[in-house]
Undergrad: 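Once you've had a glance at the structure underneath, I'll fire off some questions.
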Protein chains: 2
Amino acid sequence: MANYRVGLETRERILDATRTLLAEDGIEGITLKRITTMADVGVGSFYNLFDSKEAVVFEVVRQALDAVDPHPGSSEGDTLEDLIDAFVTFMTGSSTIARIYLQLAGLGLTDEAIAARVLRSHRRRVQRFSAACRRDDPSLTPDAARERAETIMAALTGLGLTALIDPGFDMRAHADRLVGRGGQPGNIGSPSAPPV
Amino acid sequence: MANYRVGLETRERILDATRTLLAEDGIEGITLKRITTMADVGVGSFYNLFDSKEAVVFEVVRQALDAVDPHPGSSEGDTLEDLIDAFVTFMTGSSTIARIYLQLAGLGLTDEAIAARVLRSHRRRVQRFSAACRRDDPSLTPDAARERAETIMAALTGLGLTALIDPGFDMRAHADRLVGRGGQPGNIGSPSAPPV
DNA sequence: ATCAACTTTGAACGGACGTTCCAATTCCGC
DNA sequence: GCGGAATTGGAACGTCCGTTCAAAGTTGAT
């Protein structure tokens with residue numbers, strides 16, 4: 001399957017259509033007819049290139065989970081700020097894939113296969129974030145860094161959800177406050193920090 | 001519809017079954033047959049009590065959104081700690097409804113009707129949280145309180161998601177750190193707070 | 001130019017879905 | 001305990017779903 005040029009192009013058109021439909025209407029709204037119509041492809045061609053409808057959905061899901069990690073496999077020198085920036089850009093920029101990514105969080109709760117993938121991706125990200133935390137503040141113990149990483153990631157996910165649901169929500173501004181940027185008082189974690 | 005005692009009981013059994021199935025398998029996994037089988041009710045009886053499958057799902061969704069607000073309509077004197085505690089208890093305790101609530105966040109991204117409900121519920125909660133923030137720290141401006149409330153709520157939602165996906169994740173411990181409890185350094189917002 | 005491998009197409013199929021309908025039964029105020 | 005209203009159950013219906021299949025067309029190495 002998909003050894004000729006035309007086959008690969010068709011495969012790409014199908015993936016594009018699936019990605020668009022998944023972001024617009026979610027997994028429950030996706031049908032084979034809608035995919036093949038939008039991709040301008042016969043049903044038979046679809047089954048020549050993918051084993052099932054589930055297969056193409058999983059492929060898109062896999063890509064979405066990968067996309068949340070900026071330049072994965074790089075030299076591992078990211079600042080915590082870099083990681084947060086990358087996530088905010090991912091969320092506010094490529095909203096197509098971002099919507100899919102956040103749907104997965106909810107869907108992973110019920111679908112075991114998806115839950116496993118989400119959890120694996122989550123654990124990888126915790127590693128990167130906690131490493132960045134220790135680079136940021138070398139005095140942190142590994143455990144403390146991991147906890148801090150998980151809290152920051154959770155907050156980012158929640159902020160991303162809010163941003164996609166509430167139009168006009170300024171995710172970047174809120175994300176900046178997570179690590180104390182912006183110079184204003186009132187950050188999470190220091191509610192009644194003594195002034196001066 | 002539902003004027004006799006038996007009718008009301010049947011209605012309740014259908015709602016229970018829908019709630020359970022929704023939490024276990026999500027909205028995409030729910031079918032009329034499964035609902036009626038689990039509720040031990042004929043299909044005709046179902047349509048005697050509800051207009052459609054969608055109607056009963058919406059009813060459960062409405063209840064789930066209401067349930068996230070602790071004792072709503074009370075005297076409005078909650079501490080920020082109270083609100084956070086209530087949310088953590090809601091998430092870690094009643095996982096059936098909690099799962100539905102978090103699915104809604106993801107589903108609301110695609111279904112307009114659900115998105116509207118979720119957004120409305122969200123706005124109400126922001127009000128309560130930001131009022132608590134100002135009670136906590138009267139020096140906050142209304143805007144600053146609202147921003148702080150939204151960040152805390154986002155972090156709570158994200159933590160809840162992590163808790164449901166990652167077994168063994170200690171949500172309460174992480175939530176406590178959101179407002180600086182626990183006495184340990186390294187809270188979000190004060191990454192490099194000077195020790196001593 | 002040849003030809004095997006690859007690709008395309010849409011009709012056809014079986015199953016699952018939500019909903020309708022109505023005869024039989026049960027409920028409960030009188 | 002009578003009688004109208006509410007409730008019950010499940011067969012039947014039309015629709016839409018994912019998938020299969022075989023025949024026709026296209027590709028590209030030789």
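Each chain gets a letter, A, B and so on, in the order its sequence line appears, and its residues count up from 1.
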Undergrad: I need the CG-P distance between L8(A) and dT8(C), as an integer number of Å.
TA: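 So the CG-P distance, L8(A) to dT8(C), works out to 10 Å.
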Undergrad: If I take atom CG in residue L49(B) and atom P in nucleotide dA5(D), what distance separates them, rounded to the nearest angstrom?
TA: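 Value for this atom pair: 18 Å.
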Undergrad: Between the protein and nucleotides 28-30 of chain C, list every N/O to N/O distance that falls short of 3.5 Å.
TA:
{"residue": "dC28(C)", "atom": "OP1", "partner": "R5(B)", "partner atom": "N", "Å": "3.0"}

Undergrad: Without hydrogens or angle criteria, can the side chains of R134(B) and T141(B) be said to hold a donor-acceptor pair below 3.5 Å?
TA: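 No, no side-chain donor-acceptor contact under 3.5 Å.
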Undergrad: Say whether T151(A) and R177(B), considering side chains only, have a donor N or O and an acceptor N or O under 3.5 Å apart.
TA: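 A donor-acceptor contact under 3.5 Å links the two side chains.
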Undergrad: Atom CG of N48(A) and atom C1' of dC6(C): how far apart are they, to the nearest Å?
TA: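 Going from N48(A) (CG) to dC6(C) (C1'), I get 7 Å.
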Undergrad: If the threshold is 4.0 Å, N to carboxylate O, is there a salt bridge linking R128(A) and D78(A)?
TA: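 Yes, charged N to carboxylate O under 4.0 Å.
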Undergrad: Classify the ring geometry of Y101(A) against F87(A): parallel below 30°, tilted from 30° to 60°, perpendicular beyond 60°.
TA: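 Taking F87(A) first and then Y101(A), their aromatic rings stand perpendicular (interplane angle over 60°).
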Undergrad: Quick one: do R62(A) and D66(A) make a salt bridge, cutoff under 4.0 Å?
TA: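 Yes, this pair counts.
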Undergrad: Measure the distance from CZ on R11(B) to C1' on dA6(D) and round it to the nearest whole Å.
TA: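 Roughly 15 Å, once rounded to whole Å.
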Undergrad: Report the distance from atom CD of E54(B) to atom C1' of dT19(C), rounded to the nearest whole Å.
TA: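 Distance, rounded to whole Å: 14 Å.
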Undergrad: Examine the side chains of D137(B) and S139(B) and answer whether a donor and an acceptor come within less than 3.5 Å of each other.
TA: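 The criterion, which ignores hydrogens and geometry beyond distance, is satisfied for S139(B) and D137(B).
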Undergrad: Between P on dG9(D) and CD1 on I14(B), what's the gap in Å once rounded to a whole number?
TA: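 I14(B) atom CD1 is separated from dG9(D) atom P by 10 Å.
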Undergrad: Got a sec? Which of residues 32-47 of chain B come in under 4.0 Å of DNA chain D, heavy atoms?
TA: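 Residues of residues 32-47 of chain B under 4.0 Å from DNA chain D: V41(B), G42(B), V43(B), G44(B), S45(B).
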Undergrad: Hey, are R13(A) and E9(A) close enough for a salt bridge, meaning a charged N less than 4.0 Å from a carboxylate O?
TA: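 Salt bridge absent between R13(A) and E9(A).
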Undergrad: Of all the heavy-atom pairs spanning R125(B) and V68(B), show the shortest one and how long it is.
TA: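 That closest heavy-atom pairing would be CD-CG1, 3.9 Å.
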Undergrad: Could you check D51(A) against T31(A) and say which one's nearest nucleotide on DNA chain D is further toward the 5' end?
TA: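 Its nearest nucleotide being more 5', the pick is T31(A).
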Undergrad: Does a donor on one side chain sit under 3.5 Å from an acceptor on the other, for Q127(B) and R146(B)?
TA: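 No, because no side-chain N or O of Q127(B) sits under 3.5 Å from a partner of the opposite role on R146(B).
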Undergrad: Between dG18(C) atom P and E28(A) atom CD, what is the distance in whole Å?
TA: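 Interatomic distance, CD of E28(A) to P of dG18(C): 12 Å.
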